[in-house]
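Working notes, beginning with the structure itself.
Letters A, B, ... mirror the listed sequences (proteins, then strands); counts begin at 1. Any value given below was found using the heavy atoms of this structure, including those in side chains, with hydrogens, waters and symmetry copies removed. Not measured: the values here are computed from a predicted model.
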Amino acid sequence: MAVNVTVRFFAVAREWMGTASVELSIPDGSTTEAVWDLLVQREPKFSTWRDRLRLAVNNDYVSAPVALRTGDEVAVIPPVSGG
Amino acid sequence: MGVQGSFSRYARHLVIPEIGAQGQDRLRRSSVVVIGAGGLGSPVLQYLAAAGVGTIGVVDDDVVAESNLQRQVIHRTDQIGRPKVETAAAYLRALNPDVTVRPVASRLTSMNAVEVLRPYDVIVDGSDNFPTRYLLSDAGVLLRKPVVYGSVYRFEGQVSVFDARRGPCYRCLYQTPPPPEMAPDCGDAGVLGVLPGLVGTIQAAETLKLLLGVGEPLIGRLLLVDGLAMEMRELRFKKDPACPVCSASPSITTLVDHEAFCATSQRQEDAAMVREMTVEELKERMDRQAPPSILDVREVDEHEFVNIGGTVIPVGELPERWKELDPSKEWVVYCRSGVRSANAVRFLQQQGFNDVKNLRGGILAWARTIDPTKPTY
């Protein structure tokens, strides 16, 4: 069984992906680590800047890997500095 | 009550039970310092002065440029070239003579931050760069003052309130500043003019709430403003138990200038990976009729506005179009300030271009030192 999640991209991450969101299918029992792995495959910049980006799952920022269930929304939020 | 000025000026505040004469007097006795009199600072300053905040500090070391006017609505066309703190102060004094405005025309650093920020009740972050944002968040923790944070990127904005006594700080979100190539400033990234207006007015509202002690401040909540979808979402975040500044056992206990060590390490990294040519060297090569091939990686509109010749391939199109360029030639790549072109140089090196250099400082450096008739933006 697979887990289907929506990943939303903000700021420069949206530019890298060229889209505001993607639907990802990850194996049952996966955590946010599986999302990172798929993102890195699609865009190597996610690997380079991984420790500078933050993830939020269902609008809560997460630090450690979090188990995901179908319907969860993962947001990728880079820091922004413009004023 | 001690409300100065005419009763009618604040009439719409005085009739609100949560404000009233007492709240209005509280605003008059309050002080706020706004760092940056730019896109965010403009609406923050305007609304705080209009609301009758008694003392407002404005910190900015920049002068008004034409390219500011698309979003920095506190400045005018006839004020181009004047210090921003002066033109902002003139605007605020004309708007509300009850307000004492204190302009500070210097850049905030770890050396002057405590002295500049200490006299104020609330700090508003309307800066446009990461080093200042980290400095302000750290200073807020050390001085035990709330920092009303806002930032913008293209069609997006972020707003939050950092108050380490009651919640997390900026470093609980992002522990260290990102490197420059991940984080272009507004000049390089672009921003819809009204976006800082949306974000700045929310910052002004949060500031007034803090001063009045009403409502729920955005502590531990980051408001994400998406101007394209016109959606706002609230992301919750917690104090990081390992935060280097606001945790129980902090590793950073004095203010640091991130610019100093970030820029240095970045420069060393760049020097190792990206070779540079100065504008003086390029001019000299042109003068002796032996110029390198020149590549402009800015957008076509930017090239048409001002250029020093060369082939135009926007940096975003380079992965598809680099084969239009001859890798055996000597190349010099430029953009506005040198950030995008450094990325382009790295990319071209990976594709086998052996002789490719970054024009240090970009066309801004050219306009500054070689040809002042070139317009800047």
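- Residues Y174(B) and I77(A) share a closest heavy-atom pair of OH-O, 2.5 Å.
- The environment of CD in E216(B) is sparse: at most 12 heavy-atom neighbours from other residues, nucleotides or ligands sit within 6.0 Å.
- Annotation for F347(B): atom CZ counts as buried by contact number, over 12 foreign heavy atoms lying within 6.0 Å.
- Enclosure of atom CZ in R69(A) is not indicated, since only 12 or fewer non-hydrogen atoms of other residues, nucleotides or ligands lie within 6.0 angstrom.
- Heavy-atom neighbours of chain A within the stretch residues 194-202 of chain B, taken at a separation under 4.5 angstrom, are nonexistent.
- For N58(A), the part lying under 4.5 angstrom from a heavy atom of chain B is the backbone only.
- Salt bridge E231(B)/R8(A): absent, no basic N to carboxylate O contact under 4.0 Å.
- Residue E234(B) touches chain A through its backbone alone, counting heavy-atom pairs closer than 4.5 Å.
- In this structure, no portion of F155(B) lies under 4.5 Å from any heavy atom of chain A.
- Looking only at side-chain heavy atoms (C-beta outward), Y170(B) and P79(A) come within less than 4.5 Å of each other.
- Side chain of R154(B) to backbone of A11(A): no donor-acceptor contact under 3.5 angstrom is found.
- Taking OH of Y134(B) as the reference point, atom OG of S81(A) lies at 10.0 Å (rounded to 0.5 Å).
- To the nearest 0.5 Å, atom CG of residue N59(A) and atom CG of residue L222(B) are 10.5 Å apart.
- For the pair D226(B) and R14(A), the salt-bridge criterion is met [side-chain N within less than 4.0 Å of a carboxylate O].
- Contacts between T132(B) and chain A at a heavy-atom distance below 4.5 Å are absent for every atom of the residue.
- Between V80(A) and Q158(B), the shortest heavy-atom distance links the atoms CG2-NE2, 3.8 Å.
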